[in-house]
J.: 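Before I ask anything, let me first share the structure, which is written out below as structure tokens.
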Amino acid sequence: MHHNSESLTRQAITATRHCLTGCAIGEVLGMVITNAANLGAVASVAVSTALAFGFGYGLTIAPLLRTGLGLRKALGLALAADTVSIATMELSDNGFIVLVPGAINAGLTTALFWVSLAVSLIVAFIITVPVNRILIKKGLGHAVIHHYH
């Protein structure tokens, strides 16, 4: 697969934006649920990560199914396209939240909770773009589903 540098970067940004959408939905939902239920840091990271993967894969699988692919093939493509990207994003954003003093246990009504969550997603996006760029350049990640769009 031949890419010029600008095209490759643009594709990586698009892939990361797609990944960020699913991760952000899962991350925010997980953090809100676990924070409201006062479940603690470990549960917060676990639930948020599980939901981020679920929503991330779901946002890839749904359009693939609309192209006529079967569920098994769509799931396989989603796993190949998104796993490294979502994992990178989740390590980055959860790592950031855990490192900000008090952020993971801050209440839902505090600025610390919402600002640190928003910044964690920005940090994760910045860290994940180069990862997706490398994957796409090697014909991996979102490159495996590019022709289905």
Side-chain angles (χ1 to χ4, degrees), residues 5-6 8-66 69 71-146 148-149:
S5 182
E6 185 179 321
L8 189 56
T9 300
R10 211 172 22 253
Q11 288 178 41
I13 289 169
T14 299
T16 306
R17 209 173 38 236
H18 168 87
C19 180
L20 178 66
T21 302
C23 287
I25 293 168
E27 194 72 30
V28 171
L29 186 59
M31 291 283 178
V32 167
I33 290 168
T34 56
N35 193 290
N38 203 25
L39 295 179
V42 173
S44 181
V45 170
V47 170
S48 295
T49 299
L51 289 172
F53 272 94
F55 280 100
Y57 289 141
L59 289 176
T60 297
I61 291 170
L64 292 173
L65 292 174
R66 284 193 297 270
L69 285 178
L71 181 59
R72 186 181 186 115
K73 177 74 173 174
L75 181 58
L77 287 169
L79 291 171
D82 291 339
T83 300
V84 173
S85 182
I86 295 171
T88 301
M89 195 158 282
E90 286 306 295
L91 284 169
S92 303
D93 66 25
N94 281 302
F96 182 87
I97 292 283
V98 169
L99 290 175
V100 173
I104 201 152
N105 295 317
L108 294 174
T109 59
T110 67
L112 177 61
F113 176 83
W114 293 105
V115 170
S116 57
L117 184 54
V119 172
S120 78
L121 293 169
I122 293 167
V123 167
F125 180 84
I126 292 167
I127 290 170
T128 307
V129 167
V131 171
N132 280 327
R133 191 177 190 284
I134 291 166
L135 290 171
I136 292 167
K137 186 173 184 177
K138 292 182 176 191
L140 303 169
H142 271 257
V144 302
I145 62 167
H146 186 71
Y148 289 99
H149 294 290

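In this chain, residues are counted from 1 in sequence order.
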J.: Minimum heavy-atom separation for Q11 to I136, with atom names?
T.: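 Minimum heavy-atom contact is OE1-CG2, 3.4 Å.
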
J.: Heavy atoms only: give me the nearest N105-A41 pair and the separation to one decimal.
T.: OD1-N, 4.2 Å

J.: Going by the ring-ring contact (aromatic ring centres under 6.0 Å, His included) test, which pairs reach into residues 8-32, not counting sequence neighbours?
T.: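 Counting only pairs at least two positions apart or across chains, the ring-ring contact (aromatic ring centres under 6.0 Å, His included) contacts touching residues 8-32 are H18-H142.
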
J.: If I compare all heavy atoms of L65 with all of A74, which pair ends up nearest, and what's the gap?
T.: CD2-CB, 3.9 Å

J.: Find the distance between CG (L140) and OG1 (T83) and round it off to the nearest 0.5 Å.
T.: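 These two atoms lie 11.5 Å from each other.
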
J.: Tell me every residue that passes side chain to side chain donor-acceptor pair (under 3.5 Å) with S92, counting only those two or more places apart in sequence or in another chain.
T.: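 Side chain to side chain donor-acceptor pair (under 3.5 Å) check on S92 returns nothing, list empty.
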
J.: Partners of N132 by side chain to side chain donor-acceptor pair (under 3.5 Å), sequence neighbours excluded?
T.: T16, S85

J.: Give the minimum heavy-atom separation between I86 and C23, together with the two atoms involved.
T.: CG2-SG, 3.8 Å

J.: On a heavy-atom basis, which atom in A78 and which in I61 lie closest, and how many Å separate them?
T.: CB-CG1, 3.5 Å

J.: Drop me the distance from I145's CD1 to T60's OG1, to the nearest 0.5 angstrom.
T.: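 Rounded to the nearest 0.5 Å, the CD1-OG1 separation comes out at 5.0 Å.
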
J.: Which residues satisfy the salt bridge (charged side-chain N to carboxylate O under 4.0 Å, His left out) test with R10, sequence neighbours excluded?
T.: E6

J.: Between S48 (side chain only) and M31 (backbone N and O only), is there a donor and an acceptor less than 3.5 Å apart?
T.: yes

J.: Report yes or no: does D82 contribute a side-chain atom to a donor-acceptor pair with the main-chain N or O of C19 at less than 3.5 Å?
T.: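 No, D82 side chain to C19 backbone: no donor-acceptor pair under 3.5 Å.
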
J.: Picking from L99, D93, V100, what satisfies side-chain contact (heavy atoms from CB on, under 4.5 Å) with F96?
T.: V100

J.: Got a second to check how far L135's CG is from R133's CZ, nearest 0.5 Å?
T.: 12.0 Å

J.: Please, which pairs that meet ring-ring contact (aromatic ring centres under 6.0 Å, His included) have at least one residue in residues 30-62, sequence neighbours excluded?
T.: F53-Y57

J.: For a side-chain contact (heavy atoms from CB on, under 4.5 Å) check, start with the C-alpha distance between W114 and V28, then their side-chain angles and the critical distance, and finish with the verdict.
T.: CA-CA 9 Å; W114 293 105; V28 171; 4.1 Å; yes

J.: Atom CG of L69 and atom CG of L64: how far apart are they, to the nearest 0.5 Å?
T.: 5.5 Å

J.: State, to 0.1 Å, how close V47 and G30 come at their nearest heavy-atom pair, and which atoms those are.
T.: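 The pair with the smallest heavy-atom distance is CG1-CA, 3.9 Å.
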
J.: Please output the side-chain donor-acceptor pairs of residues 117-128 that fall under 3.5 Å, not counting sequence neighbours, one pair per line with the distance.
T.:
residue, atom, partner, partner atom, Å
S120, OG, L117, O, 2.7
T128, OG1, A124, O, 2.7

J.: How about I25 and L51: do any of their side-chain heavy atoms sit closer than 4.5 Å?
T.: no

J.: Less than 3.5 Å apart, any donor N or O on the side chain of T49 or N94 sitting next to an acceptor on the other?
T.: yes

